[in-house]
A.B. asks: 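Have a look at this one.
By convention here, the first residue in the shown sequence is residue 1. Side chains are part of it too, since the values below use all heavy atoms of this structure and drop only hydrogens, waters and symmetry mates.
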Amino acid sequence: MLEKFVPQTQFSSYEDFMRNFKVNVPEDFNFAYDVVDAWAETEPEREAILWTNERGDVRHFNYAELKRYSDSAASYFLSLGIKRGDCVMFILKRRIEWWITMVALHKIGAVAIPATHLLTDKDIIYRCHEADVRAIISVGDMNVLRNVIRARPYCTSLQHCISIGPAVPQNWDNFWQGCMLASKFKSQKGQNKVTDNFLMYFTSGTSGEPKMVMHDHSYALAHILTAKYWHNVHPGSLHLTVADTGWGKAVWGKFYGQMICGATIFVYDFEGRFEADKMLTAISNFHVTSFCAPPTVYRFMIREDLSKYDLSSLEYCTTAGEALNPNVFREWKEKTGIMIYEAYGQTETTLVLGTYPFVEPRAGSMGLPNPQFNVDVFDSEGNSCPPGEHGQLVIRVDDRKPLGLFKEYYCHSELDKSAIRDGWYYTNDVVWRDEQGYYWFVCRADDVIKSSGYRIGPFEVESALMTHPAVVECAITSVPDEVRGMVVKATVVLSTEYIGQEGPELVAELQNHVKQETAPYKYPRIIEFVDELPKTISGKIRRVEIRDRDHEK
């Protein structure tokens, strides 16, 4: 399957990779037909998904089944009047229906909008209004259903609410009943262009309202690199990406690239908070070979006695979503013998920077550029920054859009003009690169702290604080100061054993610790202890909320 789209799949070095990696993009490519149905035709028994949950239920799902169920769902959606170009939002957690729905919507040319179960009724109303959502498909969980029910009267575009069960509220459509009664699906292969609208995500909104990021059908092909050269999967791999299906990371690690490469997607369906012991047990029992998780997950895992688990099947570990603390990198390697390969990307992109099998990881570095993107680091004047200098990460946008870059901010052309200037897409992320070309994350552009003439990135101070045993989580922001302009503030969540010790002695201990771990001028002059940090519904820390609150005082 992979060779259909990538002429050269093996590379001897990063230089060879940059020169010769290429993806062939057909004019009428559709992932559902050209990958899922293609596998179903050539290898119907090939395992697409291995699904399990906390209760121990297990389901093996092959491509013949995925085609059959997605055909029924596509026919059902068409019978409801959902058509090409319509926006359909679905809140399906890690249920198997998520994959069925995604493939079905791709088949009929509707725009898929995966959404998290953490959305409130106000979030749902906002999304329906902005995207003109025609239908919502939901898990039969009353906590989720209740918010959709509250939102529905205010969503004038919403024509159908569909539940996969077990609960199906009054005046809702029943997903499985509709699929069973659906007529035979008539394929629409070849009816879309690769440039047609395909998949849309709402950004997490760390500052301001979420933006609507639209991708076209080529986006799925861009994730070949994600799966093959970052997750390092191959036919026979069992790959687990820890991500809720409401976020873009799910299609990075639970769908497109892995299926094109012939790997099996492992799904561990759990409710509530992540528990390291249960995740490690699942990896051990099912012999997961490739694992990807945000740094937070690794931080919890290294606190466990890893000798209790059989991790011998693990071949490769990766991370993204936030910058990786070098101490976590080193401790995971010491305890498992496996390095963590980091990468960087956005909702608007696929993988932009990464550490690939033929690249030596550097603890804390996001890695080297993806050959699909021409990247640079610009200062405030639009000049390329030399090694070691902080600037904004940018991606070259020529007349032809780079493979993997988003199509547009849907219905908001003014946002496109703000983000894409003079032929470059501005990521709004501050980074620097070293002499060997490795890139290092600093912070979001609006999070930079200017104090006494110094420019301080929150991540480097947070990384220093996180090496102290008292700190579970922290956020670094700025507070106005008459002398220095701004001073560094740390908002800290304490570990259990330090709760009750908040006071001047612990503040001084943490400040001195930072001075030992990084340049002394970066230490937090103010430390506030809190029970929890404000976060977006995707779990990202909202520094802007802390900053705005402090600036208003």
Side-chain angles (χ1 to χ4, degrees), residues 49-58 91-96 98 114-119 139 141 143-144 204 231 238-255 265-306 308-311 313-314 316-325 327-329 331-332 335-336 338 340 342-343 462 466 469 471-475 493-496 531-542:
I49 302 165
L50 170 52
W51 179 95
T52 188
N53 62 12
E54 291 175 299
R55 297 190 298 275
D57 300 323
V58 178
I91 308 168
L92 295 174
K93 296 187 176 181
R94 296 177 180 86
R95 306 296 190 267
I96 203 70
W98 185 89
T116 174
H117 62 281
L118 299 173
L119 296 180
V139 289
D141 176 334
N143 290 325
V144 177
S204 55
H231 289 152
L238 183 62
H239 178 75
L240 167 59
T241 282
V242 181
D244 180 272
T245 58
W247 304 111
K249 192 61 166 50
V251 296
W252 282 49
K254 294 177 181 284
F255 201 26
I265 295 163
F266 180 69
V267 182
Y268 176 55
D269 186 3
F270 64 93
E271 300 284 347
R273 288 182 176 272
F274 161 78
E275 295 183 45
D277 171 63
K278 291 183 178 180
M279 182 69 71
L280 287 162
T281 299
I283 292 171
S284 174
N285 291 347
F286 289 92
H287 309 295
V288 169
T289 63
S290 177
F291 179 68
C292 184
T296 300
V297 168
Y298 286 103
R299 284 201 295 268
F300 280 103
M301 283 184 164
I302 59 178
R303 294 181 179 182
E304 299 290 320
D305 178 3
L306 295 181
K308 296 187 332 187
Y309 310 94
D310 178 9
L311 303 179
S313 63
L314 267 182
Y316 215 74
C317 292
T318 48
T319 191
E322 58 184 275
L324 176 67
N325 186 294
N327 286 326
V328 176
F329 176 96
E331 192 166 349
W332 180 260
K335 292 184 174 181
T336 67
I338 301 173
I340 301 173
E342 194 170 356
E462 290 168 359
M466 289 295 296
V471 182
V472 171
E473 278 190 312
C474 63
V493 177
L494 290 175
S495 57
T496 304
D531 294 331
E532 60 182 1
L533 297 174
K535 295 179 181 178
T536 68
I537 51 179
S538 65
K540 294 181 180 178
I541 295 170
R542 278 183 53 83

A.B. asks: Heavy atoms, side chains only, cut-off 4.5 Å: are His231 and Thr241 in contact?
C.D. replies: yes

A.B. asks: Arg95 versus Trp98: any side-chain heavy-atom pair under 4.5 Å?
C.D. replies: no

A.B. asks: Does the gap between the ring centers of Tyr268 and Phe274 come in under 6.0 Å?
C.D. replies: no

A.B. asks: If every non-hydrogen atom of Val471 is compared with every non-hydrogen atom of Met466, which pair is closest and at what distance?
C.D. replies: CG1-SD, 3.8 Å

A.B. asks: Atom NZ of Lys254 and atom CG of Leu240: how far apart are they, to the nearest 0.5 Å?
C.D. replies: 6.0 Å

A.B. asks: Per the salt bridge (Lys or Arg N to Asp or Glu O under 4.0 Å) rule, which among Asp244, Asp141, Asp269 passes with Lys93?
C.D. replies: Asp141

A.B. asks: When rounded to the nearest 0.5 angstrom, what is the spacing between CG in Asp277 and NZ in Lys308?
C.D. replies: 5.5 Å

A.B. asks: Answer yes or no: is there a donor N or O on one side and an acceptor on the other, between the side chain of Ser313 and the main chain of Val288, under 3.5 Å?
C.D. replies: yes

A.B. asks: Would you call Leu238 and Leu50 a side-chain contact if the rule is heavy atoms closer than 4.5 Å?
C.D. replies: yes

A.B. asks: So which atom in Ala320 and which in Lys249 form the shortest heavy-atom distance, rounded to 0.1 Å?
C.D. replies: CB-CE, 4.0 Å

A.B. asks: Taking Ser284 for its side chain and Tyr309 for its backbone only, find out whether a donor-acceptor pair lies under 3.5 Å.
C.D. replies: no

A.B. asks: Do the side chain of Thr318 and the main chain of Glu342 share a donor and acceptor less than 3.5 angstrom apart?
C.D. replies: no

A.B. asks: Please report the shortest heavy-atom distance between Ile302 and Lys335, naming the atom on each side.
C.D. replies: O-NZ, 2.5 Å

A.B. asks: How long is the straight-line distance from CD of Glu331 back to CZ of Arg303, given to the nearest 0.5 Å?
C.D. replies: 10.0 Å

A.B. asks: Which atoms form the tightest heavy-atom contact between Ile283 and Leu311, and what is the distance?
C.D. replies: CG2-CD2, 4.0 Å

A.B. asks: Working to the nearest 0.5 angstrom, can you tell me the gap between Asp310 CG and Thr281 OG1?
C.D. replies: 11.0 Å

A.B. asks: Above 12 or not: heavy atoms from other molecules or residues under 6.0 Å from CG of Asp305?
C.D. replies: yes

A.B. asks: Rounded to the nearest 0.5 Å, what's the gap from CG on Leu494 to CG on Asp531? Could you check?
C.D. replies: 9.5 Å

A.B. asks: Enter the distance from Tyr298:OH to Thr319:OG1 here, rounded to the nearest 0.5 Å.
C.D. replies: 5.5 Å

A.B. asks: Is the shortest heavy-atom distance from the side chain of Cys317 to the side chain of Ile338 under 4.5 Å?
C.D. replies: yes

A.B. asks: Provide the closest heavy-atom pair for Ala250 versus Ala243 in the form atom of the first, atom of the second, distance.
C.D. replies: N-CB, 4.1 Å

A.B. asks: Between Met279 and Glu304, does the side chain to side chain contact (heavy atoms under 4.5 Å, CB included) criterion hold? Intermediate values first, please.
C.D. replies: CA-CA 11 Å; Met279 182 69 71; Glu304 299 290 320; over 6 Å; no

A.B. asks: Just wondering, do Glu275 and Phe270 contact through their side chains at under 4.5 Å, heavy atoms?
C.D. replies: no

A.B. asks: Work out which heavy atom in Val297 is nearest to a heavy atom in Val242; give both atom names and the distance.
C.D. replies: CG2-CG1, 4.2 Å

